[in-house]
Amino acid sequence: MQIVFTADELRKQLSALRNEGCTIGLVPTMGALHAGHASLVERSVCENGATVVSVFVNPTQFNDPKDLACYPRTPEADFALLERIGAALVFAPTVEEMYPEPDTRTFSYPPTDSVMEGALRPGHFNGVCQIVSKLFGLVRPDRAYFGEKDYQQIAVVSRMTTDLGFDIDIRPCPIVRAASGLALSSRNALLSETEKETASYIYRTLKESLAWSAALSVTETARKVIDTLNAVDGLEVEYFQIADGRTLEPVSAWSQSDSVVGCITVYCGARPVRLIDNIRYK
């Protein structure tokens, strides 16, 4: 496995791999890797001749400087994990390498990027599109892998890929969960063991809502999820939105779409830590 820190060295290594006839898979990450990331890399290793993993905490997608400052960083552990599971290349640039000049590009894909996270974290998805488009341009992968925990991000990146004309197959990958049901996330490292147990109520409640949805309306189901979680000491729901699974526009009736997903953000613990999850109703 090669670890490279500059775009020039990345291009050089990729050129050699392509000369060997390798197809290229890309797994963009912000580091602090866990079993969820590993599942993306393992799938890419199975489906491509060589897998590139980026490890870069992208500042332009953080609208809260404190959130950026406390985001977990574990580069040595990340590199060791990636070597064990078969990554061919790790790209770990500095901020100056990725942004030698301020990136003034703007991306807009409403309603996909203007609801939920887009409404509550201004500029977040613009920053996501900035960094992912840079990585796509540098790596030019055949396939790119993203975890479904970040459901809205996949929808936005898919639209950006089409809009910019990238010939890249976007591969969504299932959420990996702890035994408790808690969706694996780099941010989980900021939770105590007790807080992780509290956070497990998020998915437990989402699963229960599948049964509730058979008897309750969309509005009633959403309210029951929110009220149930807010009743748990240590949890506070920021939003729970039941939406069309493609456009992410809110739905008001189950019959409104043949693809319906529920997306949630919950604050957990004393810090507090912001956690996201989702569940598919149909």
Side-chain angles (χ1 to χ4, degrees), residues 1-61 68 71-100 127-128 130-150 153-154 157 161 166-178 183-190:
M1 184 182 82
Q2 296 291 319
I3 303 172
V4 299
F5 301 95
T6 68
D8 286 345
E9 184 62 21
L10 176 65
R11 292 187 188 97
K12 178 181 176 182
Q13 295 292 336
L14 285 167
S15 178
L17 289 169
R18 287 196 172 90
N19 286 340
E20 296 172 6
C22 290
T23 56
I24 306 296
L26 171 65
V27 182
T29 84
M30 292 207 299
L33 304 183
H34 50 67
H37 295 109
S39 71
L40 308 184
V41 177
E42 288 166 347
R43 180 173 172 187
S44 178
V45 168
C46 287
E47 296 179 352
N48 301 280
T51 292
V52 180
V53 181
S54 62
V55 176
F56 178 67
V57 181
N58 176 42
T60 70
Q61 69 191 66
L68 173 61
Y71 196 86
R73 293 163 171 84
T74 57
E76 296 307 317
D78 294 344
F79 300 158
L81 171 62
L82 293 171
E83 185 160 30
R84 287 198 304 272
I85 60 180
L89 266 176
V90 176
F91 180 46
T94 62
V95 173
E96 292 74 21
E97 181 69 20
M98 292 309 295
Y99 297 104
V128 168
Q130 286 176 344
I131 189 59
V132 173
S133 63
K134 281 176 175 283
L135 291 170
F136 281 4
L138 285 170
V139 178
R140 295 184 293 113
D142 298 280
R143 303 173 187 90
Y145 298 79
F146 296 86
E148 288 184 337
K149 179 177 69 68
D150 297 293
Q153 176 176 276
I154 294 174
V157 167
T161 302
F166 285 116
D167 184 18
I168 299 170
D169 184 7
I170 304 299
R171 295 286 175 95
C173 300
I175 298 171
V176 177
R177 299 184 181 277
L184 296 190
S185 169
S186 299
R187 295 176 189 272
N188 292 358
L190 304 174

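What you see is a predicted model, and the numbers here were worked out from it, not measured in a lab. The figures that follow rest on heavy atoms only: side chains count, while hydrogens, waters and symmetry mates do not. Residues: numbered from 1 along the sequence shown.
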### Contact check, side chains of Leu14 and Arg11, non-hydrogen atoms, under 4.5 Å
no
### Query
Quick check: does any side chain N or O of Ser185 sit under 3.5 Å from a backbone N or O of Arg187, one acting as donor and the other as acceptor?
yes
### Query
Should we say atom CG of Asp167 is surrounded by more than 12 heavy atoms from elsewhere, each under 6.0 Å from it?
no
### Query
Do Phe146 and Cys173 come within less than 4.5 Å of each other through their side chains, counting heavy atoms only?
no
### Flag, side chain of Lys149 to backbone of Leu184, donor-acceptor distance under 3.5 Å
no
### Message
If you define the side chain from C-beta out and look only at heavy atoms, does anything of Leu89 sit under 4.5 Å from Val53?
### Response
no
### Message
Quick check: do Thr94 and Phe5 have side-chain heavy atoms less than 4.5 Å from each other?
### Response
no
### Message
Between Asn58 and Ile131 (side chain of the first, backbone of the second, donor and acceptor by atom type, cut-off under 3.5 Å), is there such a pair?
### Response
no
### Task
Using atom types as modelled and distance alone, determine if a side-chain donor or acceptor of Thr161 lies under 3.5 Å from a backbone N or O of Val157.
yes
### Task
Kindly say whether Lys12 contributes a backbone atom to a donor-acceptor pair with the side chain of Ser15 at under 3.5 angstrom?
no
#### Entry: Note, Ser186 side chain near His37 side chain (heavy atom, < 4.5 Å)
yes
### Summary
From the list Asp169, Asn48, Thr29, side chain to side chain donor-acceptor pair (under 3.5 Å) with Tyr145 holds only for Asn48
### Query
Do you know the tightest heavy-atom contact between Ala183 and Ile175?
CB-CG2, 3.8 Å
### Query
Is there side-chain contact between Phe56 and Val95, with at least one heavy-atom pair below 4.5 Å?
yes
### Query
So do Arg84 and Phe79 actually touch side chain to side chain, heavy atoms under 4.5 Å?
no
### Task
For Glu97 and Ala7, indicate whether the former's side chain and the latter's backbone hold a donor-acceptor pair under 3.5 Å.
yes
### Query
Got a second to check how far Arg18's CZ is from Arg140's CZ, nearest 0.5 Å?
4.0 Å
#### Entry: Side-chain heavy-atom pair Thr23, Arg143 within 4.5 angstrom cut-off
yes
